[in-house]
*Asks:* 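Could you have a look at this structure, given as structure tokens, before my questions?
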Protein chains: 2
Amino acid sequence: MPTLRDVARLAGVHLSIVSRVLNDDKKTSVKEETRQRVQEAAEALGYWPNALARGLKMKSVGSLALVIPDISNPVYAEIIRGAEQEARQSGHFLLLASTAGADPRTLEFMQALLEGRVDGVILANALLDDAVIDALEAGRYPYVLVNRRSQRARRYVVADDAAGALLAVNHLIERGHRRIGHLAGPPTADTALNRKLGYRHALEAAGIVFDRDLVVEGSYSTESGRIGVQQLVSLPHPPTAVFAANLRVAAGAMDAARRLGVRIPDDLSIVGMHDAELAELLSPGLTTVRLPLEGLGREAVRMLLRVTRGEPGPEQVVLTGAELVERESVRTIQETAHSAS
Amino acid sequence: MPTLRDVARLAGVHLSIVSRVLNDDKKTSVKEETRQRVQEAAEALGYWPNALARGLKMKSVGSLALVIPDISNPVYAEIIRGAEQEARQSGHFLLLASTAGADPRTLEFMQALLEGRVDGVILANALLDDAVIDALEAGRYPYVLVNRRSQRARRYVVADDAAGALLAVNHLIERGHRRIGHLAGPPTADTALNRKLGYRHALEAAGIVFDRDLVVEGSYSTESGRIGVQQLVSLPHPPTAVFAANLRVAAGAMDAARRLGVRIPDDLSIVGMHDAELAELLSPGLTTVRLPLEGLGREAVRMLLRVTRGEPGPEQVVLTGAELVERESVRTIQETAHSAS
DNA sequence: AATCTGTGCGCAAACGGTTTCAAAGTGAAT
DNA sequence: ATTCACTTTGAAACCGTTTGCGCACAGATT
């Protein structure tokens with residue numbers, strides 16, 4: 001691991017010159033010949049600046065962290081991709097850190113991350129202790145929430161979940177469904193709340209009376225989808241369609257339906273939220289609403305970089321642009337007793 | 001962001017004392033009362049050591065990186081989980097970095113990562129330029145390959161892919177299949193080669209003659225599975241079963257089969273390699289071989305930490321313990337013309 | 001010849017820690 | 001009173017960078 005000193009020795013100059021040459025410092029001039037020598041020496045030694053030393057001096061290390069609770073959730077894959085691209089484009093390093101269930105330790109975790117390792121963090125945790133956010137605000141640490149908003153957090157970038165949900169439910173309504181269930185996400189998650197809101201608005205706009213029995217709350221897991229669908233189909237007057245708050249929930253619901261002998265879409269239509277390869281691999285293919293998740297990632301990085309540089313700019317952004325991806329999980333209901341009555 | 005100096009000032013001692021107290025230095029004794037004062041001062045200020053400064057001095061930052069090509073691949077999720085647990089247990093920080101297609105830049109990427117940001121790297125890239133490995137070896141950087149071996153790499157931890165493949169194919173043979181196709185992975189991936197090897201060995205052991213037409217090579221992608229299955233079923237004498245080298249390939253194959261009107265398992269049985277939630281969500285549920293991926297992650301971290309500490313130990317480990325997870329994608333073939341002849 | 005204006009380079013002080021070494025203080029033994 | 005051993009603390013070097021500042025030397029100006 002050669003240092004500036006080594007390069008300087010080889011080139012026969014002082015290390016400060018090496019630093020200036022390598023950083024292309026405009027404020028001091030160095031003779032063309034010296035510049036050459038330095039560059040050759042650096043090349044020969046395979047010199048690479050030490051990120052630690054530089055970071056210590058500069059108070060910035062050129063990397064950002066994206067903290068995610070669960071790597072295997074496909075939702076994050078897309079956010080990550082977007083964040084990664086944006087970070088790369090602006091010459092930054094994106095590091096991923098998973099909190100992997102170690103919830104109580106999240107705060108220390110963040111501390112350790114922020115005390116030098118990275119310049120700022122993007123938090124994608126759906127469930128996040130308010131204490132963590134308070135600590136970040138108090139410590140004036142550069143952070144931004146992505147796909148999640150909070151009373152306490154000043155900065156976030158989210159998708160328009162309500163509009164997306166509206167899209168999904170409207171699709172079912174257009175297809176003739178009147179009795180539509182909702183497999184909702186965890187009430188602690190902001191996204192889940194907004195999706196439920198969109199669901200209600202869609203019903204309302206269509207003049208369908210909201211039936212409390214048709215929404216079952218759970219978590220964003222396949223298991224939750226399984227349980228929920230079971231609950232819905234065993235209702236005295238079961239729904240003809242369900243809107244699942246999440247791709248995993250939808251997948252779980254389909255899985256359970258299959259085991260229960262409920263055919264999709266013949267017996268039950270289903271539309272999910274968020275699109276990923278999984279939606280296509282399911283059988284039948286799952287109709288979903290595609291959210292601009294990649295954009296979320298990009299925007300979050302942009303905002304974070306602005307914060308680290310102390311530049312002004314929007315601090316809450318909600319990205320619109322949800323769109324329906326039709327596959328095979330929804331059937332059209334013919335006009336029946338309902339409309340005839 | 002308080003520093004040692006701040007704490008020292010508040011406690012009325014020299015900063016070196018603070019360092020010693022906070023690090024619980026055994027080699028120097030400090031008066032109990034002073035210790036108290038220092039600890040209180042640190043507490044009051046919310047002092048947290050700067051990872052950069054410490055790392056610069058100590059030549060170790062307490063974090064490791066796991067480099068993965070594609071976050072969305074479920075195979076990695078499990079490796080990550082194992083690595084994470086092991087890292088946490090030994091007081092280290094695991095950072096994830098995705099190379100996300102930026103192949104040509106992998107080397108610089110690694111450089112940037114290793115020059116201070118982390119103490120060592122675990123590479124999970126299935127496809128990895130030899131130049132990268134050579135550079136790592138030449139630079140004496142702490143690294144280990146996981147789920148991948150290479151001629152050039154001294155250190156790796158892998159699963160026994162051949163044994164796993166054997167398990168999968170034997171299962172098909174036991175179920176009466178004689179004409180078994182193989183959707184192989186990329187010939188550049190070590191795992192793909194070993195799985196193909198296991199496939200051939202299984203056939204051989206059962207006295208089934210190897211038919212070159214029955215193996216189609218591709219990549220570890222769903223698309224590859226789609227193309228492969230199409231190719232196999234359009235053979236003049238198509239197989240009754242296929243062994244897919246990978247979960248994604250299997251999923252793609254099932255998807256394509258469905259669209260082609262080939263029923264699974266009635267018309268075609270399929271077994272995949274590697275287990276994840278996806279296998280269960282597919283319809284029908286996919287029979288797969290479960291590989292000890294979590295163990296791979298754990299073992300890789302252990303090995304890497306040994307390397308960074310300069311401790312001796314095994315440098316190539318292959319983890320056994322693959323097991324078959326039966327679901328619904330394989331049907332039993334009754335004795336027919338084949339065995340009767 | 002003395003002064004001025006640049007150019008090209010080196011010195012040294014940070015950045016925030018860890019750790020070696022020596023000095024100061026304490027009490028007991030000589 | 002002096003020596004000694006031991007505890008407690010401070011001073012300073014160092015890790016590898018960046019950067020403000022000053023020095024030396026060149027050529028141009030008076």
*Asks:* Report the distance from atom CZ of A/Arg54 to atom P of C/dG16, rounded to the nearest whole Å.
*Replies:* 18 Å

*Asks:* Tell me the interatomic distance from A/Leu52, atom CG, to D/dT17, atom C1', rounded to whole angstroms.
*Replies:* 11 Å

*Asks:* Under 4.0 Å, heavy atoms only, any strand: does A/Leu15 hit a base, just the sugar-phosphate, or nothing?
*Replies:* base

*Asks:* Tell me: CG of B/Asn50 to P of C/dG17, nearest whole Å?
*Replies:* 5 Å

*Asks:* Tell me the interatomic distance from A/Ile17, atom CD1, to D/dT17, atom C1', rounded to whole angstroms.
*Replies:* 15 Å

*Asks:* Do B/Glu115 and B/Tyr141 have a side chain donor and acceptor closer than 3.5 Å?
*Replies:* yes

*Asks:* Using whole Å, report how far NZ of A/Lys27 lies from C1' of C/dT7.
*Replies:* 17 Å

*Asks:* Looking for any heavy atom pair under 4.0 Å, which part of the strands does A/Ser16 touch: base, sugar-phosphate only, or nothing?
*Replies:* base

*Asks:* Which of these nucleotides, D/dC21, C/dG16, D/dA12, is closest to any side-chain atom of A/Lys59?
*Replies:* C/dG16

*Asks:* Please tell me if B/Lys31 has a side-chain N or O lying less than 4.0 Å from either OP1 or OP2 of C/dT26.
*Replies:* no

*Asks:* Please confirm whether the backbone N or O of B/Arg154 pairs with a side-chain atom of B/Gln316, one donor and one acceptor, at under 3.5 Å?
*Replies:* yes

*Asks:* Calculate the interatomic distance between A/Asp6 atom CG and D/dC15 atom C1'; express it in whole Å.
*Replies:* 13 Å

*Asks:* Please compare B/Leu56 and B/Gly12 by the position of their nearest nucleotide in DNA chain D and report the one closer to 5'.
*Replies:* B/Gly12

*Asks:* Would one find a side-chain N or O of B/Thr34 under 4.0 angstrom from OP1 or OP2 of D/dT9?
*Replies:* yes

*Asks:* Under 4.0 Å between a side-chain nitrogen and a carboxylate oxygen: does that hold for A/Arg298 and A/Glu86?
*Replies:* yes

*Asks:* Base, sugar-phosphate alone, or nothing: which one does A/Ser29 contact when heavy atoms must sit under 4.0 Å apart?
*Replies:* base

*Asks:* Would you call B/Arg37-B/Glu33 a salt bridge at under 4.0 Å N-O?
*Replies:* yes

*Asks:* Select one nucleotide: of D/dC15, D/dG10, D/dT19, the one nearest the side-chain heavy atoms of B/Arg20.
*Replies:* D/dG10

*Asks:* Salt bridge between B/Glu32 and B/Arg35, side-chain N to carboxylate O under 4.0 Å?
*Replies:* yes

*Asks:* Which is true for B/Asn23 with a 4.0 Å heavy-atom rule: it touches a base, it touches only sugar-phosphate, or it touches nothing?
*Replies:* sugar-phosphate

*Asks:* What is the distance, to the nearest angstrom, from the CZ atom on B/Arg117 to the P atom on D/dG16?
*Replies:* 17 Å

*Asks:* Between C/dT18, C/dG16, D/dT17, which one does the side chain of B/Ser19 approach most closely?
*Replies:* C/dT18

*Asks:* Reckon B/Lys57 touches a base, only the sugar-phosphate, or nothing at all at heavy-atom distances under 4.0 Å?
*Replies:* base

*Asks:* Give the rounded distance in Å between these two atoms: CZ of A/Arg5 and P of C/dC11.
*Replies:* 11 Å

